[in-house]
Structure formats: structure tokens, C-alpha cells
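Single-structure report; data block below.
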Amino acid sequence: MFLGAAVASVASAQLGSPVPSAELGQIRCSATALAPLVRIEGTSELVGDIAITCENRGEGRGFEPSGFLVVDLAVSLSVGIANRSGFGLGADVTDAVLVVNEKSCLASTSERSFGDCGANGRTVQDPMLARLSSASPGLLLWSGVALPIPGAAIGSEAARAVPLEDCVGRYGVAGGCHPTTTSVRLTNIRVNAAQAGVGSDARSGAIPIEAAVSMSSAGGSVVLEAGTLPVAHAAPGVSALARSVQAGRLCSEGEAFGEVRVLEGFASAFKAVAGHSLEPGRPGWRDDYYPTAAGTAARPGPTRLRIGFSALPEGISIAAPVAPVCASEGGAAGLRLGLVQGASASGLGGTVVPDGMARDVPLTVSEAAEAFAVYQVLATDPSAQEECRIQFRLNQSATDGPAIRGGRVTVDASLAPIGPAASGGPLGEGPRFVAPERVPRPSFPVGECGTTLFFPFVTNQTTFDTAVVLVNTSADPLGTRYQPGSCALTFHGVGLEGEQPPTFRRMFEIDAGEQVAFRLSSGNAARGVDPLPDFQGYLVAQCSFQYAHGFAFVTEQVGGASVLAQGYLAEVVSQSGESARSGTAP
């Protein structure tokens with residue numbers, strides 16, 4: 001049953017039976033509204049219908065020849081109005097619709113007109129489009145609405161109606177009477193829900209979006225019992241969690257996975273568009289109404305999700321799966337996402353990658369160590385709150401590239417496209433969401449794929465010298481992945497006279513299973529290590545592979561003979577986590 005009819009039944013029970021008469025009594029109206037959940041990130045969200053029901057009460061005050069009154073209606077929203085406007089009907093004409101007595105037909109204008117469309121024919125006016133108020137941009141106006149007098153004899157704009165003594169069986173037909181209850185429905189009203197407080201925490205509950213409805217007529221024959229009505233409740237449409245999957249594999253296997261768990265904020269927050277509607281007053285989560293004055297109706301765009309990454313560690317690349325695996329609360333895979341290739345940073349444009357063409361697609365990492373992936377909702381269950389676990393593959397960007405130093409990758413999930421509402425353009429042709437600031441944002445760790453060795457004392461002063469050996473032990477009979485790489489040597493210390501020289505840095509390659517040795521006094525010309533005479537201090541060796549080890553041997557020679565010698569193992573300052581012992585030598 002339509003909501004207005006239910007309200008009318010309650011009103012009839014409270015106020016007594018309506019008066020089927022051509023005489024105009026006091027018409028009392030009441031307003032109610034549906035208040036669905038809408039996405040608080042959305043800048044053009046569809047709020048619930050406002051239903052107004054009217055009945056003719058009291059003693060007659062005069063004969064109304066056309067059987068209807070002319071009234072004006074106004075709706076003021078607690079957030080900005082985001083309806084499209086124009087359509088060749090005027091810059092202030094919007095696609096918000098007023099429907100009288102459920103005459104939902106395709107004909108619609110910004111002025112009152114009576115057409116043959118719909119079950120009520122020319123007895124009830126056609127759907128009417130709202131205008132934006134020039135005095136206040138937050139107002140929707142319907143001026144000059146023909147409100148059927150409940151129970152009055154049906155006339156026309158010009159013809160005088162003949163009062164009927166008995167309307168039984170003749171309600172809603174030409175030559176008969178209007179129904180004893182008149183319904184008015186205000187629908188397809190869109191708002192900028194982000195103005196309700198996009199930065200709010202999902203745990204704080206939904207924020208109400210309210211509408212103030214007013215109705216006026218000449219002589220005050222109509223009284224609207226309204227006030228402020230909730231027409232929607234704004235809540236976050238998406239949230240995300242993140243974690244590492246087999247984090248140690250990035251070093252031991254050359255790849256690992258970071259999982260982003262995308263959660264739908266509430267059922268129907270994700271929308272997949274399967275069609276569109278031209279019928280006024282019948283919009284829903286998948287259908288929208290478009291006035292036809294400007295031509296073919298635009299097709300609304302489906303929801304997109306933008307997954308952003310920042311603080312990506314140096315030395316890794318990231319790739320996104322084409323078709324991630326999703327599930328609903330009950331475990332059924334109602335939600336399907338498709339990777340969009342070529343989308344802008346805001347989530348606009350691009351094309352959905354066909355499923356099966358590739359396992360994953362590399363993402364572009366910017367100089368600011370950021371990357372993003374855009375997914376389009378291909379299918380969803382509007383009755384279930386769903387989620388999707390998306391596993392992004394991490395790889396070492398190049399075998400001869402810089403070592404992966406590790407860190408935490410920060411993740412941000414938002415609805416897309418991101419940006420201001422597309423003013424005056426077809427719905428779906430432009431950004432319709434804002435990205436909320438979430439603190440803290442989810443993140444996942446990336447283990448360091450390298451080893452840092454610390455030699456606390458090395459010297460080549462007076463009669464002393466130091467020999468240093470570095471070894472790459474990633475080659476073993478245990479199945480460890482071979483990790484060829486390089487070591488950078490940084491010397492910190494002073495010269496013979498105590499002056500502070502600049503920090504010295506040397507770099508050389510070292511293969512799995514290989515050792516490189518040098519003396520401070522003579523270096524190792526074959527490996528590019530220059531001598532460092534008269535130096536004393538400490539040495540830091542940063543190697544781009546796991547399982548690096550070092551040994552230092554300090555000697556004093558007098559007259560060509562060693563009189564003092566001392567060796568020690570380098571301290572391992574940092575190293576990635578446990579390795580998965582798998583893989584074979586190349």
C-alpha cells in the first residue's frame with residue numbers, strides 16, 4: 001500500500017468520515033516521509049519521498065467550479081539541493097517531481113498542465129517539475145499546483161463541474177467526483193549529503209537530513225500539518241581494513257600480498273546500474289528519473305571504489321587483481337567488482353578490464369610513492385551488506401634495484417568518482433563523492449628485504465690495519481631463494497690528524513654464496529673499493545639482500561710482524577622477518 005494511503009486511513013479514523021461534496025470546506029493535509037540510508041560521501045544522493053495526504057473537512061464555504069484549488073508548495077532541505085537543472089525548460093527547472101493522485105506518466109513540465117496520460121486522464125494534472133528559488137538556493141518550489149478538492153465534482157480548468165448528490169462508484173472518473181483523499185508525492189529530490197558531516201565516524205550513527213514542507217493557497221482554505229521531516233539518514237558508504245598476507249615472502253619469494261578489505265557501509269550503498277527509468281516518481285537504487293525535454297535520458301553511472309596507497313617503500317612495485325573475490329554476510333558472492341584501467345586519479349573515465357584477460361595489472365607508482373586502483377561495481381545485492389577482500393601483489397621492482405627498506409603502506413578507500421557534483425550535467429557524468437579524512441587510516445607493514453651490518457671499530461692509523469669480509473649467505477642447501485644484490489659501505493670517523501673528513505661511501509655487487517674482502521690500507525680494486533689510509537672510526541654496510549654477514553680483523557704490525565690481532569662479527573642491525581624456505585637456485 002502506498003504510504004500516503006496508509007496515512008489517510010489513520011487520518012480518517014481520527015477525524016471522522018470525509019465529506020464527498022462539491023462544497024469547499026477546510027482541506028486538512030498531513031505530510032510524512034520515508035527516510036532511507038544515504039551515503040554521507042555522496043554529493044547527489046536520492047532522499048526519500050515526501051507524501052502529502054489531504055481530506056475535505058468541515059462545513060462548506062463555497063462552490064469550486066473546477067473541483068480543484070491552486071496551491072503553492074515549498075521544500076527546504078537541511079543540506080544543499082543537488083538536483084540537475086535545465087533540460088531546455090529554464091535554468092531554474094529541476095528534475096525533482098510532484099505527482100498528484102499517483103498520475104505517474106511521462107509528460108512533465110514546470111507548469112501546470114492536464115494531459116491524457118495516466119489513469120486519471122485530464123481530471124488530474126500531469127507530473128510537475130520543481131523550480132529553484134531565486135531568493136534562496138536551498139528551496140524547491142512548485143507554484144500553481146492544481147490540488148483536487150477531496151470528494152468534489154470533477155471539472156476542468158475551464159468547464160464548470162456539476163455537483164453530484166451521490167459519488168458512490170463514481171470516484172476518479174470523468175463526470176464523477178474526485179477521491180475523498182487527495183495525495184501529493186514529492187519525489188526524486190537529491191541532496192549533497194556530504195554537507196551533513198562527511199568526516200563523522202561510522203560508529204557515531206547516521207546523521208538525519210531534514211526537510212521543511214509548506215503549502216499555501218488563496219484564502220487559507222488548505223492547512224498543512226507538517227513541520228520538519230527526516231527524509232534520509234546519512235551514513236558512511238564504505239570503510240576499509242588492511243593487513244599483510246605472508247609478509248616474509250616478499251624477500252624470500254620475490255612477491256607478497258597486501259590485503260585491503262573493503263566493507264559496504266550499509267546495504268545498498270554499492271549500486272550497480274542495470275537500466276534506467278523515464279517514469280516520474282518511480283526512482284530507486286538502480287533507476288533514476290530524467291525529464292525528456294532535452295532529449296534522450298542519461299544513464300546513471302554505477303558506484304566506483306578508489307583504493308589509494310601512500311608511503312610505498314622504495315624498491316617495490318604493486319599490482320591490482322582484475323576480479324577480486326567478494327562475499328556478502330551469508331557467504332554468497334553477490335558483489336562483483338571489475339578493475340578499471342585508465343581511470344583518472346579521481347576515479348573518472350577508463351574502461352573495465354575484461355575478466356580473464358590478466359591475473360593482475362601493475363599500478364603506476366608516483367614520485368611521491370603513491371598509487372591507486374579504481375574498481376567498478378558490476379553486481380551487488382541491495383538487500384545485503386557486502387564486503388570484498390582485494391589482494392594487491394607486491395614485487396621487488398628490479399633485481400638490480402634498490403633494497404626494499406620496509407615500512408608501512410597507508411591505505412585509503414573511498415567511493416568514486418571524487419570531486420564536486422556535476423552541476424547541470426547528466427547524472428553519472430562527473431564526480432559525485434568526496435573523500436572523507438579518516439584518522440587513523442588503515443595500513444599494512446612491508447618487511448625490509450635487506451641487511452644492515454654494523455662494524456663498531458675499524459682503523460688504518462699508525463701501525464694498525466683492518467680487514468673486512470662481507471658474505472652473501474642466501475645460497476645454501478636448504479632451499480633458500482638466491483638473492484644477488486649489492487652492499488653500500490659508509491665510513492664514519494676521523495683522519496690521522498684528528499680532522500673530520502666527509503663520510504665515505506662505496507658500493508659493490510655481491511652474488512649469492514659470494515664473499516668480498518678488502519683492507520682499509522689497500523682496498524679491493526677489482527670490486528671498486530678504494531683504500532682509506534689514516535682512517536679510524538666505524539663502518540655501516542647496507543646490503544640489498546637477506547642473510548648478509550660480516551667479519552672484521554684488526555691487526556698491528558711492527559717490523560713486518562703481527563704483534564696484535566683481534567677479530568669480531570659485525571652486528572646485524574636490521575633484517576627482514578623469517579624467510580619461507582622455498583624456491584631453487586637460478
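Side chains included, hydrogens not; waters and symmetry mates left out as well; all remaining heavy atoms used.
- Counting only N and O atoms by type, the side chains of Thr187 and Asp49 include a donor and acceptor under 3.5 Å apart.
- Taking 4.0 Å as the cut-off between side-chain N and carboxylate O, Glu45 and Arg39 count as a salt-bridged pair.
- Between the side chain of Glu386 and the backbone N or O of Leu335, at least one donor-acceptor pair lies under 3.5 Å.
- Rounding to the nearest 0.5 angstrom, the gap separating the CZ atom in Arg393 from the CD1 atom in Ile316 is 11.5 Å.
- Contacts of Glu259 classified as side chain to side chain contact (heavy atoms under 4.5 Å, CB included), with partners at least two apart in sequence or in another chain: Arg243, Val245, Arg389, Gln391.
- Residues Phe270 and Val377 come closest through the heavy atom pair CB-CG2, 4.1 Å.
- Residues Val71 and Ser217 share a closest heavy-atom pair of CG1-CB, 3.7 Å.
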Self-check item: Chi angles and distances behind the side chain to side chain contact (heavy atoms under 4.5 Å, CB included) call for Val70, Leu147
Solution: CA-CA 6 Å; Val70 176; Leu147 182 74; over 6 Å; no
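- Here the straight-line distance linking atom CD1 of Ile40 with atom CD of Gln195 works out to 11.5 Å at 0.5 Å rounding.
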Exercise. Go through Ile50 and Val75 one step at a time and tell me if the side chain to side chain contact (heavy atoms under 4.5 Å, CB included) criterion holds.
Key: CA-CA 10 Å; Ile50 298 174; Val75 174; 4.2 Å; yes
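- Contact of the Leu141 side chain with the Leu132 side chain is not registered, since no non-hydrogen atoms from C-beta on lie closer than 4.5 Å.
- By the 30° and 60° cut-offs, the orientation of the rings of Phe68 relative to Phe114 is tilted.
- If you take CG on Leu140 and CG on Asp92, they are separated by 11.0 Å, rounding to the nearest 0.5 Å.
- A pairwise comparison of heavy atoms in Ala196 and Ile207 identifies O-CD1, 3.3 Å as the closest pair.
- Under the 4.5 Å side-chain criterion, counting only non-hydrogen atoms from C-beta, Val145 is in contact with Gln125.
- Residues Leu34 and Val231 fail the side-chain proximity criterion, which asks for heavy atoms closer than 4.5 Å.
- Contact annotation: the side chain of Ile189 never approaches that of Ile81 to less than 4.5 Å [non-hydrogen atoms, C-beta and beyond].
- The two residues Phe444 and Ala242 have their closest heavy-atom pair at CD2-CB, 4.0 Å.
- Contact of the Asn101 side chain with the Thr182 side chain is registered, since non-hydrogen atoms from C-beta on lie closer than 4.5 Å.
- When each of Ser110, Ser143, Ser85 is tested with Arg131 by the rule side chain to side chain donor-acceptor pair (under 3.5 Å), just one qualifies, namely Ser110.
- To the nearest 0.5 Å, atoms OG (Ser221) and CG (Leu69) are separated by 5.5 Å.
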Exercise. May I have the step-by-step check of side chain to side chain contact (heavy atoms under 4.5 Å, CB included) for Val340 and Tyr375, ending in yes or no?
Key: CA-CA 5 Å; Val340 179; Tyr375 285 92; 5.9 Å; no
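- Using a 4.5 Å heavy-atom threshold, the side chains of Pro313 and Val409 count as touching.
- To the nearest 0.5 Å, the span separating OG on Ser216 from CG on Leu73 amounts to 8.0 Å.
- Without hydrogens or angle criteria, Glu55 side chain to Thr180 main chain gives no donor-acceptor distance under 3.5 Å.
- Here the side chain of Arg306 pairs no donor or acceptor atom with the backbone of Ser414 at under 3.5 angstrom.
- At distances below 3.5 Å, not a single donor-acceptor pair connects side-chain atoms of Glu210 with backbone N or O atoms of Pro230.
- No side-chain heavy atom of Val38 sits under 4.5 Å from any side-chain heavy atom of Leu46.
- Side-chain atoms of Thr53 and Ser30 include a donor-acceptor pair closer than 3.5 Å.
- Residues Trp142 and Asp72 fail the side-chain proximity criterion, which asks for heavy atoms closer than 4.5 Å.
- Of the possible polar contacts, one joining the Lys103 side chain to the Val124 backbone as a donor-acceptor pair under 3.5 Å is found.
- In this structure, Thr43 contributes its side chain and Arg432 its backbone to a donor-acceptor pair below 3.5 Å.
- Between the side chain of Ser366 and the main chain of Ala368, a donor-acceptor pair closer than 3.5 Å is present.
- Using modelled atom types, one side-chain atom of Ser244 and one backbone atom of Pro445 make a donor-acceptor pair closer than 3.5 Å.
- Of the residues Val365, Asp412, Thr410, Val411, the one that meets the side-chain contact (heavy atoms from CB on, under 4.5 Å) test with Phe309 is Val411.
- Residues Leu339 and Pro321 approach most closely at CB-O, 3.9 Å, considering heavy atoms.
- Looking at Thr94, its side chain does come within 3.5 Å of a backbone N or O of Ala130 through a donor-acceptor pair.
- In this structure, Leu186 CG and Leu98 CG are separated by 5.0 Å, a value rounded to the nearest 0.5 Å.
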Quiz prompt | Stepwise side chain to side chain contact (heavy atoms under 4.5 Å, CB included) test for Leu337 and Ile390 | solution = CA-CA 10 Å; Leu337 303 180; Ile390 309 175; 4.2 Å; yes
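- Here the side chain of Asp381 pairs no donor or acceptor atom with the backbone of Gly334 at under 3.5 angstrom.
- Nearest heavy atom pair, residue Leu224 against residue Val213, reads CD2-O, 3.8 Å.
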